[in-house]
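Throughout, protein chains are lettered first and strands after them, A, B, ... in sequence-line order, and every chain is numbered starting at 1.
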Number of protein chains: 2
Amino acid sequence: MSDAPPDRRPATAHDVAKAAGVSQSAVSRAFTPGASVSPATRERIVAAARALGYRPNLVARSLITGRANLIGVTVPANANPFYHAALNALTAAFARAGYGVLMFTSDPLRGSDPVLEEVLRYRVDALVLISTSLSSHFADECMNIGLPVVMFNRKTDSDAASSVTGQNREGARTIAAFLHAGRHKRYAYVAGLESSSTSRDREEGFFETLREKGVKAIERRVGQYTAAGAEEAVVSLLSASKPPDAIFCANDHMALAAISVARVRFGLNVGEDVSIVGFDDIDMARWPVFDLTTFSQPLDDMVRRAVAAVLDQLNGTLDTALHDEAPGRLIVRGSARKPRTGLATADDGALTWPMRG
Amino acid sequence: MSDAPPDRRPATAHDVAKAAGVSQSAVSRAFTPGASVSPATRERIVAAARALGYRPNLVARSLITGRANLIGVTVPANANPFYHAALNALTAAFARAGYGVLMFTSDPLRGSDPVLEEVLRYRVDALVLISTSLSSHFADECMNIGLPVVMFNRKTDSDAASSVTGQNREGARTIAAFLHAGRHKRYAYVAGLESSSTSRDREEGFFETLREKGVKAIERRVGQYTAAGAEEAVVSLLSASKPPDAIFCANDHMALAAISVARVRFGLNVGEDVSIVGFDDIDMARWPVFDLTTFSQPLDDMVRRAVAAVLDQLNGTLDTALHDEAPGRLIVRGSARKPRTGLATADDGALTWPMRG
DNA sequence: ATGAAAGCGCTAACAG
DNA sequence: CTGTTAGCGCTTTCAT
């Protein structure tokens, strides 16, 4: 009376073997790239497989090979276009390399260990942590079980995990020099998370260079890498009796929120009354309403390096942890007052400010 | 001379059993929530497990149970904060329900079948497609193998897949009525993708209501759901000799890009010279620079419904596909001229415009 | 080039 | 409550 049973078990290699009149191992070979099967049998097998809707079961394969063909990727739960662009690009790149991405969200405040503990149960082949910190305890454990770990846009001191970052310190130094050359008087830094090596490195580079230039007092707020946090920080900064005229936000996402608040809530002309600079060069940075001056982190390049690091470790090509820094550059737009000299147009038409040029 | 071998195989239940002096199945029980083990033995087993760094192998479990504890989720490759917020929320919600999320990116232009074919190889328990279309062929195939499919923010005609969307048609009708009550003269719609049921439903609702109000000519452009596409569409629209004074963009992401261009490239005062309305109510919509009037899609509610739909289908509680519409409301902000009457403040303080109020 | 057989690490009846 | 026994669907020797 009813249609075909909707819950019939998927076809197995055994079913296909029977249908094609071959052994089950022949079926396995037919679906294994470099295996030795005669074209004739392979064809018969493929035909039978198609007829039965057969799809090799990756779970069974994983059990034998010990590799699930899965990369665990964690990404902070809060919204940040840079993280998501990275996640998308990593997922696409790993798919091309034949790996699936098992995604998890990490709570920036609770630490990533509990999440990672979950991820390991899936027998992932490697771990990529996007802007997520790693306890040295956990890093060591991963090293012990031979699990490659690559931190993306973050670092650890431990040599148990590799990392791919932008030029945090150098970029921040460039930004400081750029703002100083732009004749700014009062500086402020809006940090991300205190626990973030990236935020700390950018802070150090920024402060270092400004100090070298003779700037003594630099304001500082913590924006937690969130829009709300950045808004609050900027309100606090700009409400002061002597507000800063140059604000460096630890990333673009916060910088965009900062521009929004400075312009609308304080009626300031961003780029003249106050300069705001970010870090990342996300897509929205170039939107006309923002036109953000920022130090770029080349996403595709960083993803390429991260995927290569994972694959090399998987192949055993890379035995020691590497700390890779993808080169960026200062993209000069309208959100910060420009220096009178030193600006240059790059090959791709972008206006930059080469630090030593 | 060297440290512990870094590539020793992970401990198995068998190893733990030997160490604890019990059978291997006892170990299995000790790690299965409702199984019958005496507290004493369980304790011994857990101790041995900890000592050996044992972690139950989910792959082996999956092979037996036939359920990988994995939900396949695809998300469009292009940047859109709404998709990513959805992905994050879905991932967190499924993690709470004990499922991992296997993420894939779908190329909006190439169709999702090849990607889904990949996903199925992992023996996922269900599929969630975020803003991705589904061929009816594939939907049928999933139905045949008993795989629950839930489309998020999209629909199919086929009853083979469930869907969770916002009130696309009603929302768009409300927007049309709102703009008409705001005494606008010339209307335009910026569509997303032609292949998107969501964009089509919004378009239909918008056009329908405007026609009912006696509006004849309505401009139309296609923004492909991308910022660049929306910018181009708006430039084209506003460059006309008689440009529209009311633009409805199929989603917030395009609406924000539209505001950016209208304000900076055309020097228009958005909300006075030209009204721009979106759909979604993403976080950035409330940013002071945008202050976007938009029809909300309640993300948490939609995610709750989607997860429930998946879980119910997995339990067999839900046998027929459901098409769930999460109720939204028009959030009135400053990017569109307001009608003189009909505005109301909701319980949570948001300014809304109840269509029939 | 092909088949037979032995597991991968675990769960799920079954006995006891 | 606990141990024994079969497999889950596939890859991988090892023969042939």
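- B/H323 meets the side chain to side chain donor-acceptor pair (under 3.5 Å) test with B/D159, B/S163; sequence neighbours excluded.
- In this structure, B/V59 reaches neither bases nor backbone, as no heavy-atom distance under 4.0 Å exists between it and the strands shown.
- C/dA1 atom P lies 16 Å from atom CD of A/E43, rounded to whole Å.
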Open item on the list: Using a 4.0 Å heavy-atom cut-off to protein, can you give one letter per nucleotide of nucleotides 11-16 of chain C, 5' to 3': B if the base is in contact, S if only the sugar-phosphate is, - if neither?
Closed with: BBB---

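- Judged purely by distance below 3.5 Å, without hydrogens or angles, the side chains of A/T105 and B/T91 never pair a donor atom with an acceptor atom.
- Inspection of the A/Y122 and B/R55 side chains reveals no N or O donor paired with an N or O acceptor under 3.5 Å.
- Mapping A/L63 and B/V22 onto DNA chain D by nearest heavy atom places B/V22 at the nucleotide closer to the 5' end.
- Nucleic acid contact for B/S62: none, since no nucleic acid atom lies under 4.0 Å from a heavy atom of the residue.
- Taking 4.0 angstrom as the limit, A/S23 places a side-chain polar atom (N or O) nearer than this to OP1 or OP2 of C/dG3.
- In the model, A/T165 has no side-chain atom that pairs as donor or acceptor with a side-chain atom of A/N153 under 3.5 Å.
- In this structure, B/L58 places its CG atom 15 Å from C1' of C/dC8, rounding to the nearest Å.
- A/V307 is not listed as a side-chain neighbour of A/I71, based on a closest heavy-atom distance of 4.5 Å or more.
- Here chain A contacts DNA chain D (any atom closer than 4.0 Å to a heavy atom, that is under 4.0 Å), and the contacts span D/dG9 to D/dT13 from 5' to 3'.
- The aromatic rings of A/Y54 and A/F31 lie perpendicular to each other, with more than 60° between the two planes, well past the 30° mark.
- Between the side chains of A/R154 and A/T132, not a single donor N or O lies within less than 3.5 Å of an accepting N or O.
- There is no side-chain donor-acceptor pair under 3.5 Å between A/S25 and A/S28.
- Residue A/S36 is classed as a base contact, given a heavy-atom separation below 4.0 Å to a base.
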